Enquirer: 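I'd like to ask you about the structure that follows.
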Amino acid sequence: MLEVLDMAPPPPPPPPPQARHHQQGTANKSGHAERRKQPLQSSVTQPKAEPAAAVPPEGGKRCGGGGGRRRGGRGRSKAPGEPRAALAVAVVPAPAQAPPPRTVIGPPVPSKGLSFCRRPGFGTVGARCVVKANHFLAELPDKDLTQYDVKITPEVSSRTVNRAIMAELVRLYRASDLGMRLPAYDGRKNLYTAGTLPFDAREFVVRLADEDDGTGVPPREREYRVAIKFAARADLHHLKQFIAGRQADAPQEALQVLDIVLRELANQRYVSIGRSFYSPDIRKPQRLGDGLQSWCGFYQSIRPTQMGLSLNIDMSSTAFMEPLPVIEFVAQILGKDVISRPLSDANRIKIKKALRGVKVEVTHRENVRRKYRISGLTTQPTHELIFPIDEQMNMKSVVEYFKEMYGFTIQHPHLPCLQVGNQKKANYLPMEACKIVEGQRYTKRLNEKQITSLLKVTCQRPREQEMDILQTVHQNGYEQDPYAKEFGINISEKLTSVEARVLPAPWLKYHDTGKEKECLPQVGQWNMVNKKVINGCKVSHWACINFSRSVPENTARGFCQELAQMCQISGMEFNSEPVMPIYSARPDQVVKALKNVYNIALNKLKGKELELLLAILPDNNGPLYGDIKRICETDLGLLSQCCLTKHVFKISKQYLANVSLKINVKMGGRNTVLLDAISWRIPLVSDIPTIIFGADVTHPETGEDSSPSIAAVVASQDWPEVTKYAGLVCAQAHRQELIQDLYKTWHDPQRGTVTGGMIRELLISFRKATGQKPLRIIFYRDGVSEGQFYQVLLYELDAIRKACASLEPNYQPPVTFVVVQKRHHTRLFANNHKDRSSMDKSGNILPGTVVDSKICHPTEFDFYLCSHAGIQGTSRPAHYHVLWDENNFTADEMQTLTNNLCYTYARCTRSVSVVPPAYYAHLAAFRARFYMEPEMSENQTSKSSNGTNGVSVKPLPAVKEKVKRVMFYC
């Protein structure tokens with residue numbers, strides 16, 4: 001039987017008298033709450049069993065919906081006569097009698113009419129100020145740009161070799177056949193020129209020597225045929241129209257040409273990785289430990305903005321292999337004393353993993369520096385290795401060979417040899433005869449120590465970072481760049497000054513029994529002194545388990561008493577005594593220990609369950625933390641709070657206060673709420689029942705090529721407060737960005753077609769928790785890159801629609817879909833670093849600083865918001881992009897709501913850098929990584945869901961009902 005939402009929700013409670021006049025104003029503005037639009041029929045034909053409820057078209061109206069709130073709307077204006085198109089959405093009706101026919105969800109039918117939300121105007125709320133952005137104005141050329149196809153025979157897979165071939169061609173033929181043109185080349189199949197070449201198609205012959213291996217023998221010369229053929233004119237007119245806001249779609253080809261032109265010189269000078277360039281000459285490399293060093297570099301990208309084309313430049317650092325002798329590299333990983341004796345199997349495997357794929361050069365042949373790639377390590381030590389020296393299979397030892405051939409005495413014959421080249425023809429090189437080649441990026445996972453060292457290098461105060469960016473632009477010398485000159489591109493050397501506003505912090509409400517009932521945060525922070533949480537939880541039955549050998553029982557007991565007392569002071573009803581004495585256990589006995597504690601408590605409480613488990617962990621606890629969370633949340637249905645040994649010994653009031661905040665929300669309490677929320681004063685939240693979602697997908701680390709990606713969705717479960725968020729998680733195909741389980745149907749032999757999915761489940765739990773069904777949806781989606789905006793919106797908006805319709809025919813609450821990005825390179829700096837009033841303590845811009853002009857999108861609804869106070873380094877503002885908006889938010893409403901929500905994050909008394917629902921989704925997805933059974937990372941397939949391309953993914957163990965109702969991931 002489908003669970004169907006009752007059509008008539010109970011009306012919201014009447015607002016308190018002082019808020020009435022405001023409420024009426026909201027109701028008038030939001031008349032569409034009562035007069036919801038009638039869904040238009042989609043122009044895309046759907047199967048008869050599934051009538052299509054389409055999103056209303058936006059031809060000239062707003063991007064999202066019909067019936068407006070106070071504007072003629074939002075969205076891309078269509079050309080006269082252009083058909084109005086709608087996003088096709090298949091709806092599954094949910095009659096109470098029989099299950100609906102089976103639906104197969106594929107990606108929705110794309111529709112040309114779906115365009116992103118247009119900017120509804122600019123924000124005006126907040127104190128005006130000026131900030132500087134790391135965007136540099138790029139003046140567009142008046143020249144025609146031409147694209148040519150390039151075909152190199154024999155085909156070459158390396159971009160570096162391709163570039164060398166093209167550089168040689170330009171050197172030989174620029175003055176003659178190329179008519180003095182200086183082309184820009186993408187290293188693959190495209191060549192661009194300013195103006196045209198004197199021919200439409202021509203083939204050139206280029207001879208290029210292989211890389212010099214230093215043998216003294218002339219390197220082998222190869223012959224390449226390069227065919228260049230006219231492909232298209234890259235039209236800059238459309239790009240200018242787009243920047244001026246007269247055209248909706250960005251002409252990607254023209255942007256790509258300009259990007260390639262401005263990268264051409266840097267490609268020749270530096271090591272290129274993604275959109276960044278690195279060099280040991282920009283700044284002295286810093287040691288990271290274990291044979292790695294950090295190289296400094298810069299990120300560069302050209303972007304269309306309101307002010308015109310902008311070149312975004314930011315500082316960047318990444319890990320490279322240190323160019324050490326291999327023996328020294330091994331000593332750094334294993335320790336100097338280890339290499340003085342034969343390697344154990346474990347150490348040999350460790351070194352083999354660290355060196356596989358690394359390029360080395362030989363050092364035992366004076367001026368000969370031949371390069372090889374390491375394929376493995378020998379199982380025997382060098383002194384045991386022999387190999388055939390001729391056809392007659394006469395054998396010689398490696399030690400003898402190196403002595404006789406090169407006069408090289410091997411000092412460490414007890415160590416294995418490096419295997420280089422291919423596996424068929426064994427090629428042995430002693431470690432001490434090799435050195436790691438400079439300029440190899442390290443792509444594997446860094447350890448804790450290396451991450452700390454890298455962060456120290458990259459963590460710069462705002463003023464230093466600003467100076468480095470300016471110096472980089474100066475060093476890059478764009479005005480002298482022959483390619484920029486050839487194409488007529490001028491780059492400004494000044495940071496862009498942008499008008500910004502500092503939004504006011506919201507008032508927060510605490511419990512009336514505390515001395516301070518309300519609080520106005522100052523510069524993005526406040527504290528719990530004289531305050532009690534607004535809804536304290538009740539903890540009657542708790543226990544403590546101690547996994548740390550260095551913590552004596554009386555210390556653990558003292559810590560627990562202090563924590564219980566802090567929970568009481570904070571406004572919780574917390575029993576001072578645990579159910580049982582502190583239980584000590586070894587980390588390797590985690591399963592047994594947890595089950596023992598759970599069962600002892602169950603017996604003592606005569607069937608009542610343990611509510612909370614405190615766990616004391618060693619500071620370095622390996623997999624222990626993850627094991628505790630997995631067992632408690634998916635097996636025992638128990639909420640837990642882990643504390644590290646160092647905090648148990650050094651009991652600080654601040655630490656205890658923060659832990660008590662976490663315990664309160666895990667146990668179903670609320671720490672604080674926005675005063676405007678309980679006074680019914682938040683536009684487009686307080687007027688009708690509103691649910692706020694946060695969603696994120698986390699992908700496995702680089703190098704893990706089989707682990708699944710994990711999607712998490714959280715949704716508010718209280719209205720009007722919007723502070724409690726329930727969370728759901730699921731595993732899906734490796735690196736799949738679209739959330740597969742938002743809506744799903746499957747066939748059940750007894751019940752027929754069953755409908756489910758994360759959105760549906762969270763809508764139902766909102767209804768159960770509040771007694772109301774959501775009449776508005778706000779969806780914050782984290783972790784989507786610009787190239788995926790269209791695809792993610794199309795697929796996930798469709799899933800939201802289907803989930804709603806599966807609960808009740810014609811149930812289509814209006815949706816606002818906002819992408820949240822933190823992984824971008826825009827940085828905002830104070831206009832005057834001497835003016836302390838315009839900065840926080842760390843020298844960063846003030847929390848609440850919002851920018852929606854000049855460096856933002858020419859036509860779409862986006863803004864940068866720095867909602868947090870900096871602690872160290874340069875603050876990174878969050879970039880919010882409203883892709884779809886059927887609720888007709890104004891710029892002020894969306895910016896203020898987002899900023900105010902950042903003050904409701906449960907785990908600390910600071911405003912956070914990204915809107916809490918997105919933050920919680922990230923925490924939930926991160927938590928779910930611990931639920932995967934260890935063997936799942938080994939290319940495993942089993943009975944599954946969410947498979948794409950026939951690859952199945954093992955589902956995560958289900959989180960217990962009692963756990964998923966609360967904020968267990970905090």
Side-chain angles (χ1 to χ4, degrees), residues 58-63 71-82 112-124 130 132-147 192 194 232-262 301-313 478 484 487-492 494-500 786-787 789-790 824 826 850-864 879-885 890-891 894:
E58 39 60 39
K61 297 291 177 203
R62 57 197 172 143
C63 65
R71 272 190 305 282
R74 198 81 65 80
R76 189 181 73 172
S77 303
K78 301 242 173 244
E82 193 179 334
K112 280 189 182 164
L114 175 66
S115 61
F116 300 144
C117 207
R118 289 180 79 90
R119 191 180 299 286
F122 296 91
T124 56
V130 173
K132 288 180 287 188
N134 59 339
H135 284 239
F136 298 84
L137 186 63
E139 283 178 44
L140 269 178
D142 287 330
K143 307 186 179 185
D144 280 340
L145 306 185
T146 315
Q147 179 186 347
Y192 301 98
R233 282 204 166 73
D235 191 355
L236 290 185
H237 169 72
H238 288 302
L239 181 55
K240 288 173 181 170
Q241 292 290 94
F242 173 70
I243 288 166
R246 290 191 286 271
Q247 180 181 319
D249 301 319
Q252 290 304 332
E253 297 79 14
L255 284 169
Q256 194 183 344
V257 179
L258 299 172
D259 195 46
I260 288 163
V261 169
L262 289 170
S301 166
I302 198 146
R303 312 179 57 78
T305 63
Q306 289 167 38
M307 67 173 180
L309 265 195
S310 145
L311 192 66
N312 181 201
I313 302 274
Y478 296 104
F487 285 79
I489 303 168
N490 288 318
I491 306 291
S492 163
K494 284 184 183 162
L495 291 155
T496 299
S497 287
V498 190
E499 292 238 335
E786 276 174 59
F789 279 6
Y790 191 87
H824 59 80
T826 293
V850 65
V851 168
D852 61 2
S853 63
K854 214 162 179 183
I855 58 167
C856 291
H857 194 280
T859 57
E860 290 167 15
F861 188 0
D862 72 325
F863 56 94
Y864 290 96
H879 184 218
Y880 295 91
H881 208 120
V882 183
L883 298 186
W884 190 260
D885 180 25
T890 64
M894 176 50 73

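Just so we're clear, the structure is a prediction, and the values are computed from it rather than from any experiment.
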Enquirer: Taking the side chain as every heavy atom from C-beta outward, state whether T496 and M307 have any atom pair closer than 4.5 Å.
Expert: yes
Enquirer: So, for V498 and A133, which heavy atoms are closest and what is the spacing to 0.1 Å?
Expert: CG2-CB, 4.1 Å
Enquirer: What's the spacing between M894 CE and F863 CZ if we round to 0.5 Å?
Expert: 6.5 Å
Enquirer: Look only at the side chain of H881 and the backbone of L883, and say whether a donor-acceptor pair between them is shorter than 3.5 Å.
Expert: no
Enquirer: Check whether any side-chain heavy atom of F116 lies under 4.5 Å from a side-chain heavy atom of Y790, and answer yes or no.
Expert: yes
Enquirer: What is the distance from atom CG of L262 to atom CD1 of I313, rounded to the nearest 0.5 Å?
Expert: 8.5 Å
Enquirer: Between R119 (side chain) and S853 (backbone), is there a donor-acceptor pair under 3.5 Å?
Expert: no
Enquirer: What is the distance from atom CD1 of I243 to atom NE2 of H857, rounded to the nearest 0.5 Å?
Expert: 10.0 Å
Enquirer: Do L239 and L309 come within less than 4.5 Å of each other through their side chains, counting heavy atoms only?
Expert: yes
Enquirer: Is a donor on one side and an acceptor on the other found under 3.5 Å between the side chain of D852 and the backbone of A891?
Expert: no
Enquirer: For the residue pair F136 and L495, what are the closest heavy atoms and their distance?
Expert: CE2-N, 3.7 Å
Enquirer: Within the distance-only criterion (no hydrogens, no angle test), does the side chain of N134 pair as donor or acceptor with the backbone N or O of N312 below 3.5 angstrom?
Expert: no
Enquirer: Has E860 got a side-chain atom pairing as donor or acceptor with C117's backbone, closer than 3.5 angstrom?
Expert: no
Enquirer: For the side chain of D259 and the backbone of S301, is there at least one donor-acceptor N/O pair under 3.5 Å apart?
Expert: no
Enquirer: Can you tell if the side chain of Q306 reaches within under 4.5 Å of the side chain of F122, non-hydrogen atoms only?
Expert: yes
Enquirer: Using 0.5 Å steps for rounding, measure from the CD1 atom of I855 to the CG atom of L137.
Expert: 12.5 Å
Enquirer: To the nearest 0.5 Å, how far apart are CH2 in W884 and CG in L114?
Expert: 5.0 Å
Enquirer: Measuring only between side-chain heavy atoms, which start at C-beta, is L140 closer than 4.5 Å to L258?
Expert: yes
Enquirer: Taking the side chain from K854 and the backbone from S497, do they hold a donor-acceptor pair closer than 3.5 Å?
Expert: yes
Enquirer: Provide the closest heavy-atom pair for T826 versus H135 in the form atom of the first, atom of the second, distance.
Expert: OG1-NE2, 2.9 Å
Enquirer: Is the centre of the Y864 ring less than 6.0 Å from the centre of the H824 ring?
Expert: yes
Enquirer: Name the residue from H237, H238, K240 that meets the side chain to side chain donor-acceptor pair (under 3.5 Å) definition with Q247.
Expert: H238
